[in-house]
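Below, chains carry the letters A, B, ... as their sequence lines are ordered, and counting in each starts from 1.
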Amino acid sequence: MTVFLLRRLLQAIGVVFAMSVLVFIGVYAIGDPVEILISPDADQIERERAIEALGLNLPLWRQYLVFLGNALQGDLGRSFVFNEPALQLILQRMPATLELAFGAMFIAILLGLPLGLYAGLRPNSIGSKVIMAGSILGFSLPTFWVGLMLIMVFAVQLGWLPSTGRGETVEVLGMRWSFLTWNGLQHLLMPAFNLALFKISLVIRLTRAGVRETVLMDYVKFARAKGLSPSRVTFVHVFKNILIPVVTVVGLELGSTIAFSVVTESVFAWPGMGKLIIDSINVLDRPVIVAYLMMIVLMFITINLIVDVTYSVLDPRVRLESKA
Amino acid sequence: MSITTAGPAAAPAAAAKVETPFQRFVSEFAASKLALFGLAVFTMIALIAIFAPWIAPQNPYDLAQLDIMDGRLEPGARSGDGTMTYWLGTDDQGRDMLSGIMYGLRISLTVGAGSALIACVVGASLGLLAAYAGGRTDSAIMRLVDLQLSFPAILAALMILAFLGKGILNVVIALVLVEWAYYARTVRGSALVERRREYIEAAHCLALPTRRIIFRHLLPNCLPPLIVVMTMQVARAIALEATLSFLGLGVPITEPSLGLLIANGYEYMLSGKYWISFYPGIALLITIVSINLVGDHLRDVLNPRLKK
């Protein structure tokens with residue numbers, strides 16, 4: 001197990017370095033680094049000073065080492081637009097994104113589990129057919145367009161929910177959160193639901209498949225034969241057993257939820273990391289782009305590492321296979 | 001010479017007696033009404049896209065045909081000079097939305113199908129190579145596939161476009177780089193199975209050149225799963241392109257796909273002018289769902305595990 005862990009960890013570190021080289025090549029080699037890293041407003045003297053300071057007159061491999069050294073110290077450059085360290089800018093936006101992603105996961109479980117349970121217990125009823133058709137729609141609908149339609153209906157026409165922004169926030173643990181105020185919660189509801197749409201369909205399908213397999217198990221038949229009430233069989237014997245795999249998969253989806261929040265944040269003007277990167281790309285604020293890419297690569301590699309390790313703990317076959 | 005001319009003529013005659021695999025496939029596919037419906041809808045959409053310049057009421061990018069006074073008209077409104085009816089309304093420039101959608105479909109479908117095709121060629125070649133060469137080549141390619149698939153498509157595309165900038169060609173490049181891994185993994189999987197079959201062994205015994213074995217013997221037998229993946233990936237590519245264009249990272253403003261049309265309507269949404277975003281979205285939705293209906297059923301028909 002220790003060998004497996006160490007090997008995966010080394011692989012992960014290898015990937016981070018490979019990605020840092022790619023990002024470096026993307027910024028320093030494809031484009032002109034002087035244009036990318038120095039604000040276009042700078043005059044000639046400032047430019048030369050900046051070229052000197054950034055080491056752009058050094059050979060490429062030395063430049064990479066400088067870039068890597070700075071990155072390891074958490075220095076990924078300063079934003080042209082905000083004139084703040086890029087990393088700090090991203091970390092400031094992170095709570096908003098995490099709040100949105102967790103909100104979406106929560107909604108996905110809250111709606112997906114009961115609907116999937118119903119569809120699995122009564123697979124031939126009209127209700128389940130409607131649920132399953134709905135889940136196909138959930139997979140096919142373009143997220144950003146659904147977001148627009150939600151704004152259209154609930155904010156513009158009905159006026160029930162605010163259309164954009166984050167609302168009031170409260171500072172807890174040095175970060176600003178909006179799910180702790182009523183107004184913030186109202187702002188959170190629509191974007192979180194929009195982001196959750198795809199995951200709801202996923203949870204419905206997983207739960208339904210799990211329930212249909214589980215109800216045929218001997219222990220469920222035995223529980224019924226013992227004369228337990230149907231609700232006890234459903235909620236204790238069936239539900240508890242499908243909960244573990246479903247929750248595991250949903251947990252593993254956290255990474256892709258954070259990635260897709262880029263779209264939802266842009267639609268609802270939610271001030272998170274995703275909105276920041278899109279805005280930065282549109283105004284060519286390259287230090288922020290580089291910092292975001294490095295952060296997100298690191299985050300994904302960490303999530304993937306945790307996933308692999310969790311799998312190997314849950315399923316010993318994975319470990320044995322990788323040894324062979 | 002006489003043999004070669006007899007070949008094509010003899011084939012249909014024989015096929016009339018014995019059902020060919022292709023005929024079996026057609027009849028199995030036709031068994032699902034929903035899939036046929038999807039195929040019919042998609043064919044119609046493709047025809048609209050192809051013939052848009054001839055059937056659209058207006059050329060939305062010919063400035064001479066636009067009248068800014070007709071801007072943001074409601075669906076069904078008549079143009080200021082009374083010559084035409086805007087069935088789906090107009091956008092802020094006075095463009096007919098129906099024509100805009102027809103032209104937008106052209107771009108969306110071209111980018112989606114084009115990138116899926118290129119990704120298929122690249123991915124399938126690498127997958128075949130991995131399966132056939134084995135050893136280090138195999139593990140190097142598959143490591144790359146794993147790495148690619150561990151990042152969500154939207155994120156990978158975002159990274160690539162952040163470096164390349166917008167433009168149709170760059171979107172296609174990004175979509176190909178994001179999608180090739182699905183094809184590579186699928187083809188490698190089926191090629192590994194097919195490689196051990198007798199007919200490949202027989203081809204080896206005949207001392208056929210490797211290239212011929214791979215492309216004439218191995219590849220055709222790996223096609224069914226590849227076709228299924230490709231259908232699904234076309235839908236995915238169209239959706240991803242729309243998303244990227246909506247975010248302002250996709251196609252340029254001079255070549256608006258459905259995603260860009262939707263983005264254009266975003267700011268008018270809040271003042272209740274829903275149609276600028278609504279109808280292009282419906283067109284996008286119908287396209288994606290029709291492809292998915294076909295793909296879903298193709299998967300069932302072509303899946304050997306479900307064969308009786």
Side-chain angles (χ1 to χ4, degrees), chain A residues 11 14-15 18-19 22-23 25-27 29-31 36 136-137 139-149 151-153 155-157 163-164 253 255-263 265-267 274-275 277-282 284 286 289-290 292-293 296-297 300-301 303-304 307-308, chain B residues 143-144 146-147 149-166 232 235-236 238-249 258-259 261-263 265-266 268-278 280-293 296:
Chain A
Q11 272 176 16
V15 172
M19 292 308 271
L22 276 183
V23 171
I25 291 173
V27 177
I30 293 179
I36 291 169
I136 293 177
L137 217 57
F139 278 123
S140 297
L141 285 166
T143 314
F144 68 99
W145 184 71
V146 177
L148 287 180
M149 292 305 122
I151 293 180
M152 185 67 219
V153 174
V156 179
Q157 287 184 338
S163 60
T164 52
E253 287 286 316
S256 84
T257 312
I258 291 174
F260 269 93
S261 70
V262 169
V263 180
E265 283 176 15
S266 297
V267 174
K275 176 111 175 61
I277 178 73
I278 297 297
D279 292 344
S280 303
I281 292 177
N282 282 329
L284 292 179
R286 306 274 179 139
I289 302 175
V290 172
Y292 176 83
L293 291 184
I296 208 89
V297 166
F300 263 86
I301 286 167
I303 290 175
N304 286 338
V307 169
D308 279 356
Chain B
R143 187 61 51 82
L144 214 57
D146 287 341
L147 184 65
L149 293 181
S150 67
F151 285 91
I154 178 104
L155 209 64
L158 207 69
M159 280 189 192
I160 296 162
L161 287 173
F163 291 141
L164 297 181
K166 40 171 113 173
M232 298 300 205
R236 263 175 56 108
I238 291 174
L240 195 55
E241 181 275 319
T243 307
L244 291 169
S245 296
F246 173 77
L247 293 174
L249 305 173
L258 294 176
L261 290 179
I262 297 171
Y266 180 57
Y268 301 106
M269 201 87 192
L270 296 176
S271 52
K273 296 183 172 44
Y274 68 93
W275 58 89
I276 307 177
S277 283
F278 180 73
I282 292 287
L284 184 63
L285 181 63
I286 295 174
T287 312
I288 295 173
V289 171
S290 69
I291 298 176
N292 279 342
L293 284 178
D296 223 31

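Both the backbone and the side chain of A/Val262 come within contact range of chain B, judged by heavy atoms closer than 4.5 Å. Residue B/Arg143 touches chain A through its side chain alone, counting heavy-atom pairs closer than 4.5 Å. Both the backbone and the side chain of B/Ile282 have a heavy atom closer than 4.5 Å to some heavy atom of chain A. Both the backbone and the side chain of A/Leu141 come within contact range of chain B, with heavy atoms under 4.5 Å apart. For a residue to count as touching a neighbouring chain, one of its non-hydrogen atoms must lie under 4.5 Å from one of that chain's; by this rule B/Ile262 touches chain A with backbone and side chain alike. Heavy atoms of B/Leu249 lying under 4.5 Å from chain A belong exclusively to its side chain.
Distance check, rounded to the nearest 0.5 Å: CD of A/Gln11 to CD1 of A/Ile301 gives 11.0 Å. Atom CG of residue B/Leu155 and atom CG of residue A/Leu293 lie 8.0 Å apart, to the nearest 0.5 angstrom. To the nearest 0.5 Å, the span separating CD1 on A/Ile289 from CE on B/Met159 amounts to 12.0 Å. To the nearest 0.5 Å, atom CD1 of residue B/Ile291 and atom CZ of residue B/Arg236 are 13.0 Å apart. Put simply, OG on B/Ser277 and CE on A/Met152 are 9.5 Å apart, with the number rounded to the nearest 0.5 Å.
Of all non-hydrogen atoms in A/Ile278 and B/Leu247, the two that sit nearest each other are CG2-O, 3.6 Å. Smallest separation of non-hydrogen atoms from B/Asp296 and B/Met232: N-CE, 3.6 Å. Taking every heavy atom of both residues into account, A/Pro142 and B/Leu284 meet most closely at CG-CD2, 3.5 Å.
Note: A/Val267 leads A/Val146, A/Ile151, A/Val267 in heavy-atom pairs under 4.5 Å with chain B. Each of A/Ser140, A/Ser266, A/Ser256, A/Gly274 has some count of heavy-atom pairs under 4.5 Å with chain B, and the biggest count is that of A/Ser140. Of all the listed residues (A/Phe300, A/Trp145, A/Tyr292), the one sharing the greatest number of non-hydrogen pairs under 4.5 Å with chain B is A/Trp145. For the options B/Ala239, B/Ala242, B/Gly248, heavy-atom pairs under 4.5 Å to chain A are most numerous at B/Ala242. Top candidate by heavy-atom pairs under 4.5 Å with chain B, chosen from A/Val263, A/Thr143, A/Leu148, is A/Leu148.
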